[in-house]
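Here's the structure, in structure tokens; my notes come after.
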Amino acid sequence: MENGLISVDRWESGSQAYFLTHLHSDHTQGLSSSWSHGPLFCSSITAKLLPIKFPRFDLSLLRILHIGTSHTLSLRSPSSSSTTTVRVTTFDSCHCPGSIMLLFRGDFGTVLYTGDFRWESNCEKAKIAKEALSAALQDDDGVDVVYLDNTYANPTYDFPSRSVAAQQAIDIISSHPEHDVIIGINTLGKEDLLLQIASVLDIMIWVWPERLQTMDLLGLPDIFTTDTTLTRVRAVPLYSFGADTLEALNLIRPTTRPTIGILPSGLPWIKKSLKKGEFLSGSFLTSRYKRSRPQSANNVEVHMDKQIGKTSPKVFHQHIYSVPYSDHSNFEELEDFIKLVKPTDLKGIVSISTCFIEPMYYFGRLCTGNQPVQVQQLHDRFKMKETDEIKGAVCPETSSEDDDVELNRSKESYKVKESGKRVATVSPETSSSEEDSVELDRNKMKALKVKLSGFRMRRFSALRRTRRGAKSSDLDYFDPDEQMGPS
DNA sequence: GCGATCAGGT
DNA sequence: CACACCTGATCGC
């Protein structure tokens, strides 16, 4: 959304007001400590966390948007030189701490920018946000455009609420009473998962020192620690979480306890780095429709198929479980959202993605614009997108539950093949067994690296570092001896 | 030396 | 298949 007036999660110069929906790095590309193109509007939590990511950021540029409030900005109209006003209302998007949804009203009409969001039907915060949005929309003629978090804008994405997924993680931990557990997380997000685990199992959760600082800034309960002796459950950075790490942890027994990994992820198709003769024969994208029973690691039985029709935990490595814990709305929630807002037009907001799901394909019938969406229109839109730098526009395969046979039949025509690498992988020359052996060699090399206590091993040992009794106030985050990773 | 960008990885 | 984000290389300033 750029018209010389405002930018949302975009940081090039040329706008008069900038909005940051949340602090994940795919939304801060172009933002830096030295950025100064204009005032930056964000939530109070984002403002609090921003200096961690951008230490020398000019804080006088920040403008706080409180949840549930409206602000009126006086800006210069880019076309004429007259003044124009933009009114912005802020809602909790329930994606990660500090994340917001923005409703803009101005000469350009009414535009709702969802940002990344998850509004679950069973979530109290989402319910409040929903009601606030409904109320805000009552004095409007309707929303002209919704910029939608279209990450899962396809009916194949049918995963449970976060609390249900968290319970699945808890069941996995409970069924491994003698194991250490590591959970892969990023620098922001999944805090509620950790809180639910800690509360139900009445245990503390280990986090790395920088993450503890974030937890403290967020004012979360005092259940996080940097002392490995206080708990068997550790949340570790996703980048240090892999089959290699788990294999290493389980190789050096009995020095350490046997360890399982839990990967909280909305991506149901996460595949492990495949080696021959191991558990899974196909990707999760296909296997989840086979109603296959999740295989349990180490022959420990896990009873977990309660959520019929919803994504269940998966084992994709001897020691790693995946639970469908997502901070993006699933298809059903997106559908409810569109039914509530009934926009005239709908656009997807994908940042770093090779897989763009056209939201109008499934939600077009819920919009109030020209109905129904014509095949040719969508086709044209895809073509436009592709020449317009969004690399590909793909409607993933779906089950045959679509009620609109006509659309379903012509689905193939919406697929736009991605150029470059993707094309190369389907070309006949590269599908030979020669490539397989290269792949195997690469895996061998990786395994060797671990065993030779190379880079990965050092990173792993950093994770195990004990910080006995450390509280965040005691920590010196800039002590190079305490930094994670190779020095 | 720093920031921006890209490639390659989990 | 890629939620988000890491490291490392390179390049321009």
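In what follows, every heavy atom counts, from backbone to side chain, and hydrogens, waters and symmetry copies are set aside.
Side-chain atoms of A:T28 never come within 3.5 Å of backbone atoms of A:L23 as a donor-acceptor pair (strictly under, hydrogens ignored). Between the side chain of A:R162 and the backbone N or O of A:D327 there is no donor-acceptor pair closer than 3.5 Å. No donor-acceptor pair under 3.5 Å is formed between the side chain of A:T231 and the backbone N or O of A:W206.
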Under-3.5 Å N/O pairs linking protein and nucleotides 9-12 of chain C:
none

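Atom C1' of nucleotide C:dA2 and atom CZ of A:F241 are separated by 16 Å, given to the nearest angstrom. To the nearest angstrom, P of C:dA4 lies 14 Å from CZ of A:R211. Atom OH in A:Y152 sits roughly 8 Å away from atom P in C:dA4 (whole-Å rounding). Per the geometry, CG belonging to A:L23 stands 13 Å off C1' belonging to C:dC5, to the nearest Å. Look at CG on A:D327: it is 9 Å from P on C:dA4, rounded to the nearest Å. Distance A:L263 CG to C:dC3 P: 13 Å, rounded to the nearest Å. Remark: P of C:dA4 and CG of A:L188 are 11 Å apart, rounded to the nearest angstrom. Between the P atom of C:dC1 and the CG atom of A:N154 lies a distance of 17 Å, rounded to the nearest Å.
Remark: A:H95 is not in phosphate contact with C:dC3, judged by side-chain N or O atoms under 4.0 Å from OP1 or OP2. Between C:dC3 and A:S265, no contact under 4.0 Å exists linking OP1 or OP2 to a side-chain N or O.
For C:dC3, the base has no donor-acceptor partner in the side chain of A:S326 [N/O atoms by modelled type, under 3.5 angstrom].
By the 30° and 60° cut-offs, the orientation of the rings of A:F117 relative to A:F337 is tilted. Taking the six-membered ring for Trp and thresholds of 30 and 60 degrees, A:H22 and A:H27 have ring planes inclined between 30 and 60 degrees apart. Below 30°, between 30° and 60°, or above 60°: for A:F57 and A:W35 the angle between ring planes is below 30°, a parallel geometry.
Taking every heavy atom of residues 31-58 of chain A and every atom of DNA chain B, pairs under 4.0 Å involve A:S32, A:R56, by number.
By the salt bridge (charged side-chain N to carboxylate O under 4.0 Å, His left out) test, A:E333 pairs with A:R118, sequence neighbours left out.
Side-chain contact of A:T151 with A:D149: a donor-acceptor pair under 3.5 Å is present, judged by distance alone. Looking at A:Q196 and A:D192, their side chains never bring a donor and an acceptor atom within 3.5 Å of each other.
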